Number of protein chains: 2
Amino acid sequence: MVLQALADPSRRTVLEILRDHPATAGELADALPIARPGVSRHLRVLREAGLVDVRAEAQRRIYSLRPEALVEVDEWLEGYRALWQNRLDALHTEIARGKIARREKAGQ
Amino acid sequence: MVLQALADPSRRTVLEILRDHPATAGELADALPIARPGVSRHLRVLREAGLVDVRAEAQRRIYSLRPEALVEVDEWLEGYRALWQNRLDALHTEIARGKIARREKAGQ
DNA sequence: CCCCAACATAACCAACCTGTTACGTAACCG
DNA sequence: CGGTTACGTAACAGGTTGGTTATGTTGGGG
């Protein structure tokens with residue numbers, strides 16, 4: 001569900017704003033190139049994914065980031081992290097060892 | 001684009017299989033509850049996102065994971081990792097404090 | 001050779017976004 | 001109070017998605 005929520009750029013923008021400070025729905029809407037009701041629904045998706053919190057303050061709704069929800073993504077990534085790190089290590093080794101030789105060969 | 005590709009469960013299953021070993025399109029299709037052409041298109045999405053590689057071997061297409069593409073996700077997460085770690089630290093502190101209190105209580 | 005196996009692409013369809021405008025509602029403000 | 005502000009939800013339009021069946025295409029094996 002979280003990865004699904006993160007797939008949309010508008011929603012990622014919202015998270016980026018909330019990373020710096022909580023904001024009202026109106027402030028978030030002003031920061032996005034879409035109309036208010038669209039933002040409202042994005043906020044609902046984020047809320048249902050556990051990525052944001054809402055708190056009512058008079059007629060304002062103050063949204064704030066709930067970064068713990070991202071742990072799920074981090075844990076998913078964990079199962080792959082070793083792999084790309086190995087690959088990058090291998091690449092670096094490869095570069096260090098053969099870059100010049102291969103370049104000369106390829107350049108013929 | 002990568003996050004978009006990761007949003008679909010079938011595609012995540014494909015990645016999970018490829019994490020262990022490369023596989024042909026047919027093997028991947030057998031592992032999924034959907035028909036072959038659907039898998040073909042998922043594979044295309046994954047390829048376009050840079051998440052998998054294909055290599056032709058006779059009439060087989062051998063797909064393999066390209067974990068470097070996940071670095072992008074990791075880097076995106078990086079901007080949030082500190083936040084949830086702080087939150088978790090606070091939680092742990094809280095727990096540790098509560099534990100002590102409870103221990104003292106129990107010890108009375 | 002011919003045919004089958006392994007795959008991709010095409011064409012199609014239902015379902016689901018993502019945006020819109022229109023409307024409803026709760027709380028403050030004059 | 002009555003209006004306005006700050007939202008949310010409803011209803012709707014379109015494009016995209018995720019699945020399907022049908023139709024190539026390419027390479028190998030009998």
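In the text below, chain A, chain B and the rest are named by the order of the sequence lines, each starting its count at 1. Note that the structure is a prediction, hence the values are computed from the model and not measured.
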Consider the side chain of [X], meaning its heavy atoms from C-beta on, and name the nucleotide among [options] that approaches it most closely.
{"X": "B:Ser40", "options": "D:dC7, C:dC7, D:dT20", "answer": "C:dC7"}
{"X": "B:Arg47", "options": "C:dA8, D:dT9, D:dA6", "answer": "C:dA8"}
{"X": "B:Thr24", "options": "D:dG19, C:dC7, D:dA11", "answer": "C:dC7"}

Check this one for me: any side-chain N or O of [X] less than 4.0 Å away from OP1 or OP2 of [N]?
{"X": "B:Arg60", "N": "C:dA6", "result": "yes"}
{"X": "B:His42", "N": "D:dG19", "result": "yes"}
{"X": "B:Tyr63", "N": "C:dA8", "result": "yes"}

[atom1] of [X] versus [atom2] of [N]: gap in Å, rounded?
{"X": "B:Glu57", "N": "D:dG27", "atom1": "CD", "atom2": "C1'", "value": "13 Å"}
{"X": "A:Arg44", "N": "D:dT9", "atom1": "CZ", "atom2": "C1'", "value": "8 Å"}
{"X": "A:Leu43", "N": "D:dC7", "atom1": "CG", "atom2": "P", "value": "10 Å"}
{"X": "A:Ile34", "N": "D:dG14", "atom1": "CD1", "atom2": "C1'", "value": "16 Å"}
{"X": "B:Arg41", "N": "D:dT17", "atom1": "CZ", "atom2": "P", "value": "10 Å"}
{"X": "A:Arg36", "N": "C:dT20", "atom1": "CZ", "atom2": "P", "value": "12 Å"}
{"X": "A:Arg55", "N": "D:dA6", "atom1": "CZ", "atom2": "P", "value": "16 Å"}
{"X": "A:Gln59", "N": "D:dA6", "atom1": "CD", "atom2": "P", "value": "7 Å"}

Original post:
When the nearest nucleotide of DNA chain C is assigned to A:Gly38 and to A:Gln4 on a heavy-atom basis, which residue is associated with the more 5' position?
Top reply: A:Gln4

**OP:** Show the numbers, then the answer: is there a side-chain contact (heavy atoms from CB on, under 4.5 Å) between A:Asp74 and B:Tyr80?
**Re:** CA-CA 10 Å; A:Asp74 196 49; B:Tyr80 295 87; over 6 Å; no

**OP:** Look at all strands and tell whether B:Gly26 reaches a base, only sugar-phosphate, or nothing, counting heavy atoms closer than 4.0 Å.
**Re:** sugar-phosphate

**OP:** Decide, yes or no, whether a salt bridge links A:Glu48 with A:Arg44 under the criterion of side-chain N to carboxylate O below 4.0 Å.
**Re:** yes

Original post:
Does B:Arg81 pair with B:Glu78 as a salt bridge, N-O distance under 4.0 Å?
Top reply: yes

Subject >> Heavy-atom side-chain contact between B:Leu28 and B:Tyr63 under 4.5 Å >> reply: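 Yes, their side chains come closer than 4.5 Å.
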
Original post:
Between A:Ile62 and A:Pro22, what is the shortest heavy-atom contact and its length?
Top reply: CG2-CB, 4.0 Å

